2 protein chains.
Amino acid sequence: MTAIGFEKHDHNRCIATALAEAETRCADQKLQLTPVRRRALEILLQRHRAMGAYEILDLLAADGLGSQPPVAYRALDFLVQHGFAHRIERINAYTACAHPEQDHIPAFLICRGCKAVAEAETELEQGRLGAAAQATGFAIERIVVEAEGLCPACQEHPA
Amino acid sequence: MTAIGFEKHDHNRCIATALAEAETRCADQKLQLTPVRRRALEILLQRHRAMGAYEILDLLAADGLGSQPPVAYRALDFLVQHGFAHRIERINAYTACAHPEQDHIPAFLICRGCKAVAEAETELEQGRLGAAAQATGFAIERIVVEAEGLCPACQEHPA
DNA sequence: TCACGATTTGTTATGTTATAACATTCATCG
DNA sequence: CGATGAATGTTATAACATAACAAATCGTGA
Ligand SMILES: [Zn+2]
Ligand SMILES: [Zn+2]
Ligand SMILES: [Zn+2]
Ligand SMILES: [Zn+2]
């Protein structure tokens, strides 16, 4: 199981590791992990949940790192583009990638109670969807897989 | 293959059949297929592609069936709720269900060129996602599966 | 028939998410 | 230094969605 998100873990270490990895990879690939981008990633890692662009913007603004929507959207675009974060379509939100080291198609479990998000891995083979695509000649570029429901905690305490 | 959407077909018949089915099922289940709801479904069936709520609203308004956003959103909520249409998260749009007779988890192929949408069926077993959910005790209520890419036509004529 | 409750629709206002467009800053390099 | 390209700052607006309340509609039982 690779659905990081609902279990307890050493989160400070989790953040530090992820940030360090991001810096290494950006250096390797000549990507600019600028202050805004770095801080946006750090915010996502700290909260360890799905966050809206405007929520992130508020936190960036509190640090004097831009106060208008495009600032947040650009930083998030960069992070998503390069696999440091994912966009979650169902809730118009963003979350840090749980395993950015490897190429993957992310799949999410989204709790509608507490908004917690767990990232799982999908099969790389895309099953019947891939077959349908092949049959029609459709060229898949991106796949969204998101499950909405209730996490263990929210099942017990129904709000 | 069940990805209806990119192939040619007798579309007038396709619309008539779907509308008739909807009427039958609404009668059976004591659902009210009111003029607004019926027309919204008809619009989706006619266009046979993903449409935004405001786009549908404009067409409803042209028929004197309400001119404010809630009118469209309510009609769409009804159609989605009862399986006559699906919401496509990736593009904030709606499309008529390709096989409303049966219960299913829809999966979509979305062309980013022409916005055409094909509905395929997913495996009912949810693969590794279901396994991840079980392992964490997460209760899945809804699953979103959407692939974005280029349909055959748009691959040949890159806009 | 008429009062009732439930459902649907009408309407106003506002909230939320996202991008277009253009100016400015800043590092890099010839 | 001056040109180039990347990133950021800023204004304005587009696109998507819902809260809240009023009015109409309709079945249903008194
Ligand atoms: Zn963590
Ligand atoms: Zn939860
Ligand atoms: Zn058709
Ligand atoms: Zn369907």
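If you're wondering where the values come from, they're calculated on a predicted model, not measured in any experiment. In what follows, chains carry the letters A, B, and so on, assigned in the order in which the sequence lines appear, proteins first and then strands, with residues in each chain numbered from 1. Heavy-atom basis, side chains included; hydrogens, waters and symmetry copies ignored.
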Side chain of A:Gln32 only, heavy atoms from C-beta on: which candidate in D:dA7, D:dA17, C:dT9 is closest? D:dA7
After noting the C-alpha distance and the side-chain angles of B:Arg90 and B:Phe108, does the key distance pass the side-chain contact (heavy atoms from CB on, under 4.5 Å) rule? CA-CA 10 Å; B:Arg90 177 66 185 102; B:Phe108 297 100; over 6 Å; no
D:dA15 C1' sits how many Å from B:Met51 CE, rounded? 15 Å
Do A:His104 and A:Glu119 get their side chains close enough for a donor-acceptor pair, meaning under 3.5 Å? yes
For the pair made of OH in B:Tyr54 and P in C:dT16, what is the distance, rounded to whole Å? 14 Å
Taking 5.5 Å and 30° as the limits, would you call A:Tyr73 and the base of C:dT19 a stacked pair? no
Do A:Arg142 and A:Glu89 meet the salt-bridge criterion of a basic N to acidic O distance under 4.0 Å? yes
C:dT19, D:dA17, D:dA7: which one has an atom nearest the side-chain heavy atoms of A:Thr34? D:dA7
Distance check needed: C:dT8 C1' versus B:Asp77 CG, whole Å only. 13 Å
So which one's nearest nucleotide on DNA chain D is more toward 5', A:Gln68 or A:Val36? A:Val36
The side chain of B:Asn92 is closest to which nucleotide in this list: D:dA17, C:dA21, C:dA18? D:dA17
What is the distance, to the nearest angstrom, from the OH atom on B:Tyr94 to the P atom on D:dC16? 10 Å
Between D:dA7, D:dG9, C:dT8, which one does the side chain of A:Arg37 approach most closely? D:dA7
Taking only the side-chain nitrogens and oxygens of B:Arg87, find out if one of them lies under 4.0 Å from OP1 or OP2 of D:dA17. yes
Would you mind reading off the distance between A:Ile91 atom CD1 and C:dT17 atom P, rounded to a whole angstrom? 10 Å
Would you kindly give the NZ-to-P distance between B:Lys30 and C:dT8, to the nearest whole Å? 14 Å
Rounded off to whole Å, could you give me the CG-to-C1' distance for the B:Leu65 and D:dA24 pair? 15 Å
Under a 4.0 Å threshold between the charged nitrogen and the carboxylate oxygen, would B:Arg25 count as salt-bridged to B:Glu23? no
Pairwise distance CD1(B:Ile43) to CG(B:Leu59) - rounded to 0.5 angstrom: 4.5 Å
By nearest atom, which of the nucleotides D:dT11, C:dT9, C:dA18 is closest to the A:Ala53 side chain? C:dA18
Rounded to the nearest Å, what distance is computed from the CG atom of residue A:Asp63 to the P atom of nucleotide D:dG9? 13 Å
